[in-house]
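First up is the structure itself, then whatever we jot down about it.
Just follow the structure's listing: the first ligand is 1, and inside any ligand the first atom is 1.
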Amino acid sequence: MQNLPNTMLAVRARGPDDLFVDSETPIPKVRPGYILIKVFSVALNPSDYKRLGVFNESVSHTMGCDAAGRVVVCGGDIGQSYKPGDRVAGLCYGMKPQDPSCGAFGEYALLKGSLTMRVPDHVSDAEAATIPVGVNFAGQALYHTLRLPLPLPRLGLGLSTKPPSVLIYGGATATGMTALQFARLSGCHVISTCSPRNFQLVKALGAHSVFDYHDADACGPAIRAATNNNLLYALDCVAAGESLRICAEALTSRSGVATYTASLPVGDRFPRKDVRYGWTSGYTSFGEPTHLAASDAKLRTGVGAAADSDSDFAAWFWKLAVDLLQHDRLRLGPLVHLRQGGLAGVQEGLAELKGGNVSAGKLVYTF
Ligand SMILES: NC(=O)c1ccc[n+]([C@@H]2O[C@H](COP(=O)([O-])OP(=O)(O)OC[C@H]3O[C@@H](n4cnc5c(N)ncnc54)[C@H](OP(=O)(O)O)[C@@H]3O)[C@@H](O)[C@H]2O)c1
């Protein structure tokens with residue numbers, strides 16, 4: 001094992017909106033089932049600044065969820081699957097209360113083995129950082145919650161029944177750009193929404209048809225008409241503004257057969273009670289109690305129970321996703337909005353993201 005320094009540079013948070021770059025951050029301690037990596041790229045997510053806004057711990061915690069890098073040390077049995085030097089990407093539980101070392105935004109990061117994947121050679125360092133949050137959420141939402149047909153690369157589709165139509169609301173969100181590719185690989189008929197400036201991109205990534213959500217009165221009925229009142233599934237990657245209403249009006253008017261899931265807690269705000277509705281949290285993939293940080297205080301549910309079935313599914317799905325990446329079935333390039341400044345630049349990036357100035361991709365920092 002190489003000699004590790006005692007401390008590293010990391011982006012850390014203490015109180016609400018109290019963010020700083022700390023050069024004295026302890027290197028995370030390797031635990032069984034975890035991998036320590038030397039980070040070469042990170043990507044930002046809205047959850048980073050949302051959690052920062054409500055975070056309140058006396059000890060500073062490392063931020064960030066998306067990390068990619070090279071394996072340095074493997075904890076326990078995980079050494080049978082990975083070895084030092086492997087290029088990997090993995091999901092981090094940034095700003096996890098009472099666990100200061102879990103975040104992605106450091107020179108080193110601790111990855112949970114089951115939420116880590118080997119990065120194929122054709123995937124660049126910058127692209128690798130866009131994988132974890134998007135792939136994890138797309139898997140949980142499309143296949144664990146909505147139960148859509150899986151994208152099985154080796155078996156091919158070979159389905160006896162016609163794959164369903166699915167609405168990916170917010171096709172130009174980072175999560176939407178990943179989810180619609182998976183849905184297309186599943187053989188689904190993919191409908192999406194975004195601003196007209198992103199129509200071409202969203203279609204190129206896999207949507208069969210795209211609708212402008214800005215005319216909220218027309219959008220839902222237009223999708224319902226285009227799907228002959230047969231749309232059974234909606235994944236809402238925005239869960240804000242008029243998205244719930246538009247999805248409710250796009251889904252079939254038949255009672256009791258449609259399912260809606262969102263990327264944020266929706267409480268009882270979904271306008272149709274004859275639709276199965278709720279939200280999908282990527283954090284439950286860790287199989288540990290989750291600490292939610294919804295921006296709406298009424299929806300902040302505090303600590304959530306650990307869900308073993310979620311973590312089991314995630315571990316299985318990550319292996320499937322590696323296969324798809326190895327077969328070059330996912331396009332990550334369009335997701336990358338590369339920024340300069342390394343870890344020190346992350347603070348500026350979070351302000352840009354919070355300002356709503358990032359469309360159709362993720363801010364990525366390489367170092
Ligand atoms: N549950 C989870 O595990 C999970 C995981 C990741 C993200 N999330 C959450 O999911 C949401 C999306 O995250 P992201 O990183 O994918 O988003 P993002 O990339 O930051 O999304 C930006 C895009 O969202 C669209 N948008 C913004 N406001 C909208 C509105 N009111 N109506 C319709 N579209 C709107 C815009 O698309 P156009 O430019 O086309 O207008 C905008 O470019 C965030 O709230 C995030 O916290 C949850």
Note every protein N or O atom lying under 3.5 Å from an N or O atom of ligand 1, pairing the names and giving the distance.
unit_1, atom_1, unit_2, atom_2, d
ligand 1, 1 (N), S263, O, 2.9
ligand 1, 1 (N), T280, O, 2.8
ligand 1, 3 (O), G282, N, 2.7
ligand 1, 10 (O), S263, OG, 2.8
ligand 1, 16 (O), A174, N, 3.1
ligand 1, 16 (O), T175, N, 2.8
ligand 1, 16 (O), T175, OG1, 2.6
ligand 1, 19 (O), A174, N, 2.8
ligand 1, 34 (N), Y213, OH, 3.4
ligand 1, 39 (O), R197, NH2, 2.6
ligand 1, 39 (O), N198, ND2, 3.1
ligand 1, 39 (O), S359, OG, 2.8
ligand 1, 40 (O), S195, N, 2.9
ligand 1, 40 (O), N198, ND2, 3.0
ligand 1, 41 (O), S195, OG, 2.4
ligand 1, 41 (O), Y213, OH, 2.4
ligand 1, 43 (O), S359, OG, 3.1
ligand 1, 45 (O), K50, NZ, 2.6
ligand 1, 47 (O), K50, NZ, 2.8

task: Report the residues that fulfil side-chain hydrogen bond (donor to acceptor under 3.5 Å, both in side chains) with H337, sequence neighbours left out, ordered by chain and then residue number.
output: none
query: Does NZ or CZ of R147 come closer than 6.0 Å to the centre of the six-membered ring of F313, within 45° of the ring's axis?
result: no
query: Hey, does the side chain of D66 reach the backbone of V133 with a donor-acceptor pair shorter than 3.5 angstrom?
result: yes
task: Hey, could you give me the CG/NE2 distance between D312 and H144, rounded to the nearest 0.5 Å?
output: 8.5 Å
query: Is any NZ, NE, NH1 or NH2 atom of the basic residue among R70 and D125 found under 4.0 Å from an Asp or Glu carboxylate oxygen of the other?
result: no
message: Is it true that S359 and N198 share a donor-acceptor pair across their side chains at a distance under 3.5 Å?
response: yes
